[in-house]
Peer 1: 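Once you've had a glance at the structure underneath, I'll fire off some questions.
Here is the naming used below: chain letters follow the sequence lines, and residue numbers restart at 1 for every chain. Keep in mind the model is a prediction, meaning the values are calculated, not measured.
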Number of protein chains: 2
Amino acid sequence: MKLGQATIKDIAKELNVSSSTVSRALKDYPGISDETKRKVKELAEKLNYRPNAIALSLRKSRSYTIGVIIPEVVHFFFSTVISGIEEVAYSRGYNVILSQTNEKIGREKSSIETMLSNQIDGFMVSYSKETENFDHFTRLLDQGFPIIFFDRSTDIPNAINIMVDDYKGAFDAVSHLIEQGYQKIVHLAGPKNLKISKERERGYRDALKNYGMEIQEEYIVECPVGSDEESKEITTNLLTTLPEKPDAFFANNDMAAVGAMAAAKSLGFKIPEQIGIVGFSNWQFCSMVDPSLSSVSQPGFRMGARATDMLLDIIEKKLDPQKITEPITLDTQLLIRNSSLRIKS
Amino acid sequence: MKLGQATIKDIAKELNVSSSTVSRALKDYPGISDETKRKVKELAEKLNYRPNAIALSLRKSRSYTIGVIIPEVVHFFFSTVISGIEEVAYSRGYNVILSQTNEKIGREKSSIETMLSNQIDGFMVSYSKETENFDHFTRLLDQGFPIIFFDRSTDIPNAINIMVDDYKGAFDAVSHLIEQGYQKIVHLAGPKNLKISKERERGYRDALKNYGMEIQEEYIVECPVGSDEESKEITTNLLTTLPEKPDAFFANNDMAAVGAMAAAKSLGFKIPEQIGIVGFSNWQFCSMVDPSLSSVSQPGFRMGARATDMLLDIIEKKLDPQKITEPITLDTQLLIRNSSLRIKS
DNA sequence: AATCTTAGTGCAAACGTTTGCAACATCGAT
DNA sequence: ATCGATGTTGCAAACGTTTGCACTAAGATT
């Protein structure tokens with residue numbers, strides 16, 4: 001006995017019928033006698049028959065697999081997105097093949113190539129920080145290949161983007177800080193070439209404007225890496241050198257927020273009394289740090305699930321991608337914790 | 001023009017040669033004239049030919065894809081393992097298909113089924129907490145199907161296990177606590193059916209023994225869920241009701257450690273002066289909490305990379321699985337931070 | 001008795017590749 | 001001339017399915 005799985009042919013031979021009959025019997029096609037169906041199914045069960053998805057893919061030119069391209073799995077947000085994708089894909093009978101780019105465009109391109117070789121039915125993409133030219137995507141889109149961009153959206157015409165409402169999340173966060181009486185709010189911004197960073201900065205600016213406050217450009221500081229060390233250094237610097245000391249930080253991400261928190265604490269500032277802090281993404285550790293960190297939570301799971309549902313609808317022609325002209329935005333939620341709550345109501 | 005990719009047949013037709021010739025030309029088989037090779041390659045380039053991996057899989061009964069089964073992506077440790085897996089698989093020309101069980105055995109079994117349908121070449125498995133019967137694995141192993149168990153190891157004979165040295169990690173952690181002068185060390189243990197939990201507990205016990213300390217069974221408390229809330233509740237309880245109050249906690253995982261930290265802090269204990277805490281896994285947040293959390297770091301990336309290398313070696317027959325009789329253990333590293341360091345040297 | 005339905009089944013092609021074998025032409029050596 | 005060797009190519013089968021079409025045998029209808 002070799003390792004090989006039982007095939008339709010094996011069943012056919014054993015039962016002295018043709019492969020076609022077996023195939024049809026297994027699928028309950030009309031026009032096969034109940035007797036035959038019974039025998040086929042029994043034997044299939046007995047031989048532990050398992051359809052060969054590869055053969056099926058070849059025949060149907062469909063692989064029932066979607067490709068997911070993300071920067072890094074270790075980012076909490078992306079791992080929640082993956083869960084959402086997985087969940088929906090799985091329940092609708094699709095497989096997920098995964099590739100991380102590690103923020104490298106080379107990896108992005110070659111992953112796309114291998115996935116295409118594998119006759120993937122569609123893509124879910126969050127492109128790398130290095131990606132500035134989108135030809136490798138537009139080529140595919142022009143052929144009508146299903147792609148959905150999530151979190152990091154593009155300006156490609158006809159592309160479907162799904163993202164969280166970064167603008168509103170930032171707007172809410174900063175408004176909250178203002179309402180808590182903070183006056184000199186620094187924005188620890190993200191890499192400028194990502195749309196999400198720009199949107200968050202826009203939310204910051206508009207919130208200030210909305211409250212009639214002046215925007216000071218030196219209060220907007222880019223943290224390209226986004227690590228806590230980087231931010232700790234930057235904020236320490238700000239807190240010791242700026243003539244008008246900031247009294248709050250709105251960070252583009254939670255790591256940066258934690259860095260700011262560490263800096264403020266080690267300089268002897270009280271949080272939230274003297275300095276308020278709000279982060280972005282609501283990583284797990286937000287509730288674990290001391291004081292607990294207020295943050296804007298992004299619905300990663302929902303985003304993954306929603307995007308996958310759309311992608312599969314497009315793949316299965318239940319949805320015409322042309323119909324989707326607006327980017328889809330999901331609501332964020334500001335979670336107020338102790339790092340920014342100095343007015344106890 | 002339809003969406004379809006160019007195939008070997010297309011090239012063959014255009015050049016008036018046979019598919020065989022094209023196939024061989026593309027692969028630089030000997031016995032094809034340089035002239036033909038040139039023409040074929042040129043046209044392939046021009047048509048943007050991309051081999052159909054599905055057809056190849058069918059032909060070769062090999063999919064160049066490995067299946068990864070893990071409990072949850074959102075666990076930091078697992079996400080680092082995935083990175084390791086991905087890295088190696090990618091560089092050796094394999095795809096990774098991923099499935100999370102969410103700790104459910106049903107999902108585990110059905111994921112395995114679909115992956116097998118997809119003619120996966122091998123499995124990397126970290127089984128679910130619910131898994132107590134391993135028949136669905138032994139069946140495959142008996143057929144000679146390549147499987148490697150990582151992190152959560154099994155007792156299945158002939159199975160290949162790769163894990164971190166949980167015993168030593170725990171031993172080191174507890175020894176460190178003792179050396180710091182802590183006397184009444186509680187172990188917040190993990191689910192009893194996981195070998196990793198047992199090993200960590202064993203390390204705890206042996207460290208105490210090694211220092212001639214008595215083991216008190218009421219100091220070993222199971223935290224089945226492993227969340228910070230659960231542990232906070234449990235430790236609060238311990239700290240308020242036990243006749244002899246514990247002065248240190250060695251937790252089976254970092255979340256539980258953070259829960260203990262929160263409990264101790266809110267009861268007014270000073271860390272590390274009055275209470276010492278050490279966690280396990282070295283999640284990102286360890287350095288971010290206050291005081292920073294000592295923890296045993298597990299080499300997730302290395303584990304993923306190493307395991308994948310072995311799996312692919314087995315798949316490619318470069319390695320005989322029979323030869324591997326001992327489980328492979330990777331060294332852990334105790335990272336001492338402020339939560340357990342009260343003797344400044 | 002001749003024709004028409006109908007139920008049940010099988011044939012063969014197709015999906016895109018690879019590969020053992022055979023076929024052919026050309027050329028040099030006998 | 002004949003034989004072998006050599007270089008180049010094509011044929012056809014195979015991997016496991018699905019599916020349009022054709023076929024058979026039986027029963028129903030005239």
Peer 1: Tell me which nucleotide among C:dT19, C:dT17, D:dT17 gets nearest to the side chain of B:Lys60.
Peer 2: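 For B:Lys60, the side-chain atoms sit closest to C:dT19.
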
Peer 1: Might you point out which heavy atoms bring B:Asp309 and B:Arg92 nearest each other, and give the distance in Å?
Peer 2: OD1-NH1, 2.7 Å

Peer 1: On the nucleotide D:dT9, are OP1 or OP2 found under 4.0 Å from the side-chain N or O atoms that B:Ser33 carries?
Peer 2: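 Yes, B:Ser33 has a side-chain N/O under 4.0 Å of OP1/OP2 on D:dT9.
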
Peer 1: Counting only distance, no hydrogens or angles, is the base of C:dG8 paired donor-acceptor with the side chain of A:Arg24 under 3.5 Å?
Peer 2: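 Flag unset: no donor-acceptor pair detected.
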
Peer 1: Is A:Thr21 near enough to C:dG10 that one of its side-chain N or O atoms lies under 4.0 angstrom from OP1 or OP2?
Peer 2: yes

Peer 1: If you pin B:Val17 and B:Arg59 to their nearest nucleotides in DNA chain D, which one's is more 5'?
Peer 2: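 The residue mapped nearer the 5' terminus is B:Val17.
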
Peer 1: Is the distance from OP1 or OP2 of C:dT19 to the nearest side-chain N or O of B:Tyr29 less than 4.0 Å?
Peer 2: yes

Peer 1: For the side chain of B:Lys27, starting at C-beta, report the closest nucleotide among C:dT18, D:dT9, D:dT17.
Peer 2: C:dT18

Peer 1: What's B:Asp34 touching, base or sugar-phosphate or nothing? Going by heavy atoms closer than 4.0 Å.
Peer 2: nothing

Peer 1: Taking A:Glu87 first and then B:Arg107, would you say they form a salt bridge - that is, a charged N and a carboxylate O separated by under 4.0 Å?
Peer 2: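 Yes, this pair counts.
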
Peer 1: Of all the choices, D:dC11, D:dT18, C:dG10, which nucleotide is nearest to the side chain of A:Ser18 once you look at every atom?
Peer 2: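 Of D:dC11, D:dT18, C:dG10, C:dG10 is nearest to the side chain of A:Ser18.
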
Peer 1: Counting any heavy atom closer than 4.0 Å, what does A:Ser20 reach on the DNA or RNA strands: base, sugar-phosphate only, or nothing?
Peer 2: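 Here A:Ser20 touches the bases of the nucleic acid.
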
Peer 1: Side chain of B:Thr36 only, heavy atoms from C-beta on: which candidate in C:dC15, D:dT9, D:dT18 is closest?
Peer 2: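 Per side-chain heavy atoms of B:Thr36, the pick is D:dT9.
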
Peer 1: Across the strands shown, which category fits A:Pro30 at heavy-atom distances under 4.0 angstrom: base, sugar-phosphate, nothing?
Peer 2: nothing

Peer 1: So, B:Tyr127 versus B:Phe137, ring centres under 6.0 angstrom or not?
Peer 2: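 Distance test on ring centres: not under 6.0 Å, no.
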
Peer 1: If you measure from the Lys or Arg side-chain nitrogens to the Asp or Glu carboxylate oxygens, is any gap between A:Glu103 and A:Arg152 under 4.0 Å?
Peer 2: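 So A:Glu103 pairs with A:Arg152 through a salt bridge.
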
Peer 1: Check every atom of D:dT18, C:dG16, C:dT18 against the side chain of B:Lys9 and return the nucleotide holding the closest atom.
Peer 2: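 It is C:dG16.
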
Peer 1: Before giving the answer on salt bridge (Lys or Arg N to Asp or Glu O under 4.0 Å), spell out for A:Glu35 and A:Arg38 the whole-Å C-alpha distance, their side-chain angles and the decisive distance to 0.1 Å.
Peer 2: CA-CA 5 Å; A:Glu35 173 67 6; A:Arg38 212 207 66 239; 3.1 Å; yes

Peer 1: Would the base of D:dC15 count as contacting B:Ser57 through its side chain, where contact means a donor and an acceptor less than 3.5 Å apart?
Peer 2: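 When only heavy-atom distances are counted, B:Ser57 does not reach the base of D:dC15 through any donor-acceptor pair under 3.5 Å.
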
